[in-house]
Amino acid sequence: MTALERARAAAFPAGEYAGQESFMRASEIRTLARRAGIGPGVSVLDLCCGVAGPGRMITAESACRYLGVDCSARALATARERASDLSCRFEQAHLPPLPEGRFEVVLLLETMLAFPDKQALADEVARVLEPGGRFAFTVEEGRPLTRPERTQLPGADAVWLIELAELTRVLGQAGLTVTWQQDYSSAHHATATALTGCYRADRGQVAGQIGEPATAELITAHQLWSDWLGRGRVRKFAMVAAKP
């Protein structure tokens, strides 16, 4: 494990770290996968999969047919190496558009906020879903960031919040209907707080891996997310939306 991964693993309760690069616990990922109907032979497209910690866990436990897509060649190289004993496939691509094909489930974990045009994303998801397919995702819900908030937050150019009513409208416009949702704001506030503490405690080792400027930004960003989740500025939801 890298220094970053060791810090992440220390932040999660026992059994809740599965290589995820996010605030989600392993049990929350399993719940979302179950609600989306992921099981043996089900075709799954995992968008922005990164090193595919959640994807590898889901594949190992459900025997689904998994395709992970990410723009980072380096992340995908790690994903392929770590999934060598699993029937996972990976493709490198910038999204949207989504890969051609039809899928029973499309996953998007912890990266909805990176898409400024959520209507274009939802339309593409609906296009590749089979009839009766499910879009399973997490979303950072709230008003758009203000200019001072964008100034504070490292990487703010990849953070585009959306309010729940607008998200429901966007999904409906794409022909998708929400069938399940769960508010994880409190749990993710606790995770963000724990991650901030672990990154600070292991700052020297983490900086040795990614450099001091990147480490400082990492800690600043996690502290801000902890604050926003704690006071309700942002809420976190896991959701499933179905195609008729």
Requested in this report: Tell me, please, which residues at least two apart from E163 pass salt bridge (Lys or Arg N to Asp or Glu O under 4.0 Å).
Outcome: none
Report summary line: Sorted by chain and number, sequence neighbours left out, salt bridge (Lys or Arg N to Asp or Glu O under 4.0 Å) with E81 holds for none
Query - Contact list for residues 93-110, test side-chain hydrogen bond (donor to acceptor under 3.5 Å, both in side chains), sequence neighbours left out - result: S43-E104, E100-R127, E110-T138, E110-K236
Query - Residues that D183 engages under side chain to side chain contact (heavy atoms under 4.5 Å, CB included), provided they are two or more places apart - result: S185, R235, F237
Report summary line: For C198, the side chain to side chain contact (heavy atoms under 4.5 Å, CB included) test, sequence neighbours excluded, returns A7, A10, A11
Report task. Could you pull out all residues at least two apart from E16 that satisfy side chain to side chain contact (heavy atoms under 4.5 Å, CB included)? Result -> F12, P13, R25, A26, S27
Requested in this report: Can you sort out the partners of T168 under side-chain hydrogen bond (donor to acceptor under 3.5 Å, both in side chains), two or more places apart, ordered by chain and number?
Outcome: none
**Report entry** Non-hydrogen side-chain atoms of R65 and S87 separated by less than 4.5 Å
**Finding:** no
Query raised in the report: By side-chain hydrogen bond (donor to acceptor under 3.5 Å, both in side chains), which residues pair with E21, not counting sequence neighbours?
Result: none
Query raised in the report: Mind checking who shares a hydrophobic cluster with V42, ILVMFWY linked at side-chain heavy-atom distances under 4.5 Å?
Result: M24, I29, L32, I38, V44, M57, I58, Y66, L76, F90, V105, L107, L109, W180, Y184, V240
Query - Of all pairs that satisfy ring pair (Phe, Tyr, Trp, His ring centres under 6.0 Å), the ones with a partner from residues 123-159, not counting sequence neighbours - result: F135-F137
Requested in this report: List in chain and number order the residues that pass side-chain hydrogen bond (donor to acceptor under 3.5 Å, both in side chains) with Q119, two or more places apart in sequence or in another chain; answer none if no residue qualifies.
Outcome: D123
Requested in this report: Return the set of residues passing side chain to side chain contact (heavy atoms under 4.5 Å, CB included) with S84 (not counting sequence neighbours), or none when no residue passes.
Outcome: none
